[in-house]
Amino acid sequence: MLASRARPRTPRRRTLSNQQEDMITSTKILRALGAGAVAITLANIVSNILFFQLGHGILFENDLQSPKVVAVLFEMDPLPLMFTNGLAYLGIAAVIGALHGLVFCWIEPALPRDRLRRGASFAVILWVLMAVYFEFHTPFNMFGEPAALVAVELVFWAMVTLVEGLALSYLYGESRHELASAVG
């Protein structure tokens, strides 16, 4: 007869009940929706300051700039919604922000736990998946914007997505890992 090996006893981890998990998840989803809407609104304010105030001379009064970019933004009818109906634009952006919040909630367990690093990580994801492609496809590809100005815009986008990511992370609150360990 073989001697059985005694397993060292490990402390039992308390787990959440399904009801507790559902409550945490529901709360986090609702918080993510609201946080995303607020975060993208803040990011839009920063975007308008960077692109249309601080960067206006560099981006739009520059001899290198493509005439198509200037025409589409400031001359051709219909002008962009953000200039003609700011409230509608912000309302639609808030819905998009709520969707960003849902994505954040979904991937949040894979992000760093502390709010600063978690928000910065989400900002990088937004920047890579949204800003880089947008800048390549629309200003560079469709409107002939010079690569140097696209680079400036990508720096601006990095700041905008950082504002959104940090605001979303801080408004979202504790990670689900922290909540699970506090309840368990």
Side-chain angles (χ1 to χ4, degrees), residues 32-112 114-172:
L33 288 167
V38 170
I40 205 164
T41 300
L42 293 172
N44 265 291
I45 292 167
V46 170
S47 172
N48 282 317
I49 291 169
L50 289 172
F51 284 87
F52 298 108
Q53 292 178 14
L54 298 177
H56 187 82
I58 297 167
L59 296 174
F60 307 117
E61 295 175 4
N62 186 326
D63 290 338
L64 295 175
Q65 184 56 276
S66 164
K68 280 185 179 180
V69 170
V70 174
V72 166
L73 283 173
F74 305 110
E75 298 166 1
M76 290 176 55
D77 286 326
L79 291 174
L81 185 63
M82 64 186 175
F83 299 139
T84 60
N85 192 342
L87 288 178
Y89 175 82
L90 286 175
I92 295 166
V95 171
I96 294 167
L99 293 173
H100 285 190
L102 284 176
V103 170
F104 179 88
C105 183
W106 183 35
I107 69 170
E108 180 266 324
L111 297 173
D114 78 82
R115 293 175 191 188
L116 178 66
R117 288 183 30 222
R118 184 177 65 187
S121 296
F122 192 67
V124 169
I125 292 167
L126 285 175
W127 186 81
V128 169
L129 295 180
M130 182 191 68
V132 173
Y133 181 75
F134 166 77
E135 286 294 328
F136 161 72
H137 181 70
T138 304
F140 182 76
N141 172 53
M142 293 174 67
F143 298 149
E145 185 170 54
L149 296 180
V150 169
V152 169
E153 291 170 1
L154 285 171
V155 170
F156 287 172
W157 276 114
M159 291 183 246
V160 169
T161 58
L162 186 59
V163 166
E164 182 180 355
L166 292 175
L168 179 49
S169 181
Y170 279 91
L171 291 168
Y172 181 81

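Small disclaimer: the values here were computed from a predicted structure and weren't measured.
Two residues are said to be in side-chain contact when any heavy atoms from C-beta on lie closer than 4.5 Å; Leu79 and Asp77 meet this criterion. Put simply, the side chain of Phe134 reaches to within 4.5 Å of the side chain of Pro139, judged on heavy atoms. In this structure, the side chains of Ile92 and Leu81 come closer than 4.5 Å at one or more pairs of heavy atoms.
Judged as a side-chain contact (heavy atoms from CB on, under 4.5 Å), and not counting sequence neighbours, the contacts of Ala167 are Ala39, Leu42.
When all heavy atoms are compared, the tightest approach of Phe136 to Phe140 is O-CB, 3.4 Å. When all heavy atoms of Leu171 and Ala35 are compared, the pair lying nearest together is CB-CB, 3.5 Å. Heavy atoms only, all atoms of each residue included: Met142 and Lys68 are closest at O-NZ, 3.4 Å. Ala123 and Thr161 get closest at one heavy-atom pair: CB-O, 3.2 Å. Heavy atoms only, all atoms of each residue included: Pro80 and Val72 are closest at CD-O, 3.6 Å.
Checked against a 6.0 Å centroid threshold, the rings of Phe83 and Phe52 count as neighbours.
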Working note: Leu116 + Tyr170, criterion side-chain contact (heavy atoms from CB on, under 4.5 Å); need CA distance, chi angles, decisive distance, verdict. CA-CA 8 Å; Leu116 178 66; Tyr170 279 91; 3.6 Å; yes
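For the atom pair CG (Leu168) and CZ (Arg115), the distance works out to 11.5 Å, reported to the nearest 0.5 Å. Between the CG atom in Leu50 and the CD1 atom in Ile45 there is a gap of 12.0 Å [rounded to 0.5 Å]. Here CG of Leu126 is found 11.0 Å from OG of Ser121. Values are rounded to the nearest 0.5 Å. Expressed to the nearest 0.5 Å, how far CZ of Arg117 lies from OG of Ser169 amounts to 11.0 Å. Atom-to-atom distance recorded for Ile96:CD1 and Leu90:CG is 11.0 Å, nearest 0.5 angstrom. Separation of atoms CZ (Phe122) and CD (Glu108) is listed at 11.0 Å; rounding is to 0.5 Å.
Between His137 and Tyr133, the ring planes are parallel. Angles under 30° get that label, and only those over 60° would be called perpendicular.
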Donor-acceptor list for residues 144-160 side chains, cut-off 3.5 Å, not counting sequence neighbours:
unit_1: Glu145; atom_1: OE2; unit_2: Gln65; atom_2: NE2; d: 2.8
unit_1: Trp157; atom_1: NE1; unit_2: Glu135; atom_2: OE2; d: 2.9

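A side-chain hydrogen bond (donor to acceptor under 3.5 Å, both in side chains) check over residues 88-104, counting only residues at least two apart or in different chains, returns the pairs Asn44-Tyr89, His100-Glu164.
Under the 3.5 Å distance criterion, the side-chain polar atoms of Ser47 are left unmatched by any main-chain donor or acceptor of Ala43.
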